[in-house]
Amino acid sequence: ATSFGICEQQLNEKVRQKSFRAMLKQDISWFDEPENSVSALTHKLAVEASNITKVIDINMAIALGAISSVMASIIIAFILSWAIALVVIPPAYLLLFIGGYLQLILTKTYAGIKYKLIEDSAKVAIESIENVYTVATLSIENRLARKYNQLLEQPFRYDLKGAAI
């Protein structure tokens with residue numbers, strides 16, 4: 001599950017960085033189109049990049065591992081001793097549900113903290129896109145892209161730590 005999380009976060013970071021660079025390098029007239037408004041582009045950076053990485057979803061890996069472990073343990077328990085299996089399986093399921101509930105709470109807490117960390121990089125992106133004429137005139141696309149990448153460092157490190165949740 002941890003390797004799924006690490007892969008997801010690395011892909012997420014690369015998608016956001018490349019999307020932002022591509023937005024900054026567009027022709028000025030591209031920003032005048034309604035589908036390329038500030039809010040639409042911000043949404044693409046914030047939400048659509050995350051949606052792309054859901055292909056490598058951590059929850060899918062966890063669910064697959066949990067289901068296969070539970071099924072294998074039930075089969076082995078009934079093969080070895082059906083009477084003991086009937087006594088042991090209900091408390092095991094209780095622990096399984098408690099663990100799932102705790103994971104749900106941790107995931108929600110983690111998501112809230114992650115949102116706050118990404119907020120600074122989103123501000124840079126929004127300001128850069130709102131002032132794209134100034135950015136293009138001053139030729140500071142690369143500097144803003146570097147600043148955006150630096151602001152994504154802390155959320156990325158936090159995501160790597162949280163990949164095990």
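Both backbone and side-chain heavy atoms feed into the values below; hydrogens, waters and symmetry mates do not. What you are looking at is a predicted structure, and each value in this text was computed from that prediction instead of being measured.
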The remaining residues in the hydrophobic cluster of Ile76, counting side-chain heavy-atom contacts under 4.5 Å among Ile, Leu, Val, Met, Phe, Trp and Tyr, are Leu80
Listed partners of Glu153 passing salt bridge (charged side-chain N to carboxylate O under 4.0 Å, His left out), at least two apart:
Arg157
Sorted by chain and number, sequence neighbours left out, ring pair (Phe, Tyr, Trp, His ring centres under 6.0 Å) with Tyr148 holds for Phe20
Linking Ile, Leu, Val, Met, Phe, Trp and Tyr through side-chain heavy atoms less than 4.5 Å apart, which residues share a cluster with Met71?
Ile67
Here the salt bridge (charged side-chain N to carboxylate O under 4.0 Å, His left out) pairs for residues 15-32, sequence neighbours left out, are none
So, using side-chain contact (heavy atoms from CB on, under 4.5 Å) as the criterion, who are the partners of Ile98 when residues are at least two apart?
Leu94, Leu102
Would one find more than 12 heavy atoms of other residues, nucleotides or ligands at under 6.0 Å from atom OH of Tyr133?
yes
If the condition is side-chain contact (heavy atoms from CB on, under 4.5 Å), which residues does Val135 pass it with, not counting sequence neighbours?
Leu24, Ile140, Glu141, Leu144
Other cluster members, Ile84 - Ile/Leu/Val/Met/Phe/Trp/Tyr, side-chain contacts below 4.5 Å
Val88
Hydrophobic cluster partners of Ile75 (side-chain heavy atoms under 4.5 Å):
Ile79
Hits for side-chain contact (heavy atoms from CB on, under 4.5 Å) against Gln154, two or more places apart or cross-chain, chain-then-number order -> Leu117
Partners meeting side-chain contact (heavy atoms from CB on, under 4.5 Å) with Ile74 (sequence neighbours left out)
Val70, Phe78, Ile89, Tyr93
Please report the closest heavy-atom contact between Leu41 and Met23, naming both atoms and the distance.
O-CE, 3.5 Å
Side chain proximity check, Gln26 to Asn36, heavy atoms < 4.5 angstrom:
no
Between the CD atom in Glu13 and the CG atom in Leu152, the distance rounded to the nearest 0.5 Å is 6.0 Å
